[in-house]
Amino acid sequence: MKINNNLKILLIISGGIAAYKSLELIRILKKDNIKVQVVLTKGGAEFVTPLSVSALSEEKVYQKLFSLKNETEMGHIQLSRENDLILVAPASANIIAHAAAGIANDLATTILLAANKPILFAPSMNVEMWNNPITQKNVKFLKDNNYNFIGPEPGDLACGEEGDGRMSEPKTIYKYIGSMFKKKKLNINVLVTAGPTFEAIDPVRFIGNRSSGKQGIAIAKIFYELGANVTLILGPSSQKIPENIKVVNIETAYDMLEAVKKVNNIDVAICAAAVSDWAIKNPSKIKIKKNKKNIPKINFSLNPDILEYISNQKNNRPKLVIGFAAETNNLVNNAKEKLKSKKCDWIIANNVLEDPNIFGGENNSVTFITRDNIEPWDKCSKTDIAKKLCSKVIKEILDS
Ligand code: C5P
């Protein structure tokens with residue numbers, strides 16, 4: 001099996017007798033042209049030497065956090081950034097506990113805390129250490145936070161005992177990595193709008209809203225991970241955008257409309273942006289000075305409705321147009337009314353008065369509305385909402 005020609009892996013070898021198996025793992029990965037950079041912890045270096053690791057990986061071996069030479073050549077942040085996967089093999093109970101507690105007191109644990117790439121642990125330890133409720137609690141916490149685990153496997157352990165604790169075989173780990181990086185291709189073009197828009201009063205002030213962009217970004221990310229061709233049109237937002245997603249940054253509703261017009265052949269449009277319904281009529285070109293006697297009056301003009309614009313396309317209408325609706329009252333009725341008047345296919349509605357933490361928060365609680373269906377979804381993370389929406393979209397598109 002060939003995994004992926006350009007894959008780069010940062011392998012952390014922590015202290016455990018299974019460290020010798022990691023040498024074989026490096027050999028297998030290298031045979032597949034995968035670049036392997038290795039961080040050897042203090043414990044790891046008790047079992048394998050930096051020389052054998054570097055001879056097999058054909059790379060420099062990293063051991064110290066505060067090494068001036070390493071930090072200038074290749075800092076700990078850069079080490080994680082330039083690799084696609086961080087693999088901890090063997091992963092001792094100690095390194096798992098550090099990762100779960102967010103303790104960063106050496107190079108390996110600092111990389112784990114600073115990482116923005118998938119992390120895979122291949123644990124290896126005594127069976128009692130593995131079964132210890134503290135280790136199990138740590139593993140559960142990490143799994144709940146999207147860390148990946150392979151093994152341990154049952155069998156004879158180096159300590160003479162028997163049970164779960166053996167690190168998975170290098171070939172098994174290699175296959176697991178293959179399944180993580182199998183290129184899936186969802187052959188559709190997806191447009192996502194996200195974030196607020198800002199409408200200028202003068203060059204200094206604006207009106208905007210409390211949208212953070214998190215929900216729309218989560219949707220763009222999930223579609224991207226499934227291989228869709230995603231364009232994210234994003235209003236002012238301080239959120240981190242996953243690398244490789246095509247992002248068009250805009251400020252106003254008009255900018256957003258212009259950006260939307262430039263995207264061709266959209267299969268699915270998801271309008272998660274909180275677009276300002278109004279702009280300021282004739283915004284001042286210079287800063288309006290404060291004057292105690294003369295408080296400025298703002299005149300609004302109506303902004304274009306982007307969701308409505310997309311839904312009303314004649315020849316190029318996407319197969320599926322989905323809107324969001326943040327409401328403070330009459331949630332379902334207002335959302336159903338929007339579905340009709342804007343002619344979109346689905347609306348995802350949330351009550352932002354009942355749950356003000358939705359703006360900028362990690363979780364969302366929504367009602368999914370179609371022409372003939374109203375589905376309240378349980379409160380969950382914005383990523384889970386994105387996954388649920390994504391699987392509905394895929395089903396709809398494939399069925400049509
Ligand atoms: O009418 P309202 O702003 O509540 O509608 C919400 C939905 O409409 C959202 O999907 C939002 O992205 C979209 N919208 C839009 N353009 C506007 C106003 C809202 O696309 N000017």
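Atoms within each ligand, like the ligands themselves, are counted from 1 in listed order.
Listed by chain and number, residues touching ligand 1 at under 4.0 Å (heavy atoms only) are C271, A273, V275, S276, D277, P304, D305, I306, L307, G323, F324, K338, K342.
Screening T370, L320, I310, V321 for a side chain to side chain contact (heavy atoms under 4.5 Å, CB included) involving C344 leaves a single residue, V321. Under the ring pair (Phe, Tyr, Trp, His ring centres under 6.0 Å) test applied with F121, the options W130, Y176, F149 reduce to a single match, F149.
Sorted by first and then second residue, the ring-ring contact (aromatic ring centres under 6.0 Å, His included) pairs involving residues 357-397 (not counting sequence neighbours) are W346-F368, F368-W377.
E161 pairs by the salt bridge (charged side-chain N to carboxylate O under 4.0 Å, His left out) definition with nothing, not counting sequence neighbours. D267 is linked by a salt bridge (charged side-chain N to carboxylate O under 4.0 Å, His left out) to K319, counting only residues two or more places apart in sequence or in another chain.
Cation-pi check for K60 over Y62 is met; the charged atom lies under 6.0 angstrom from the ring centroid and within 45 degrees of its normal.
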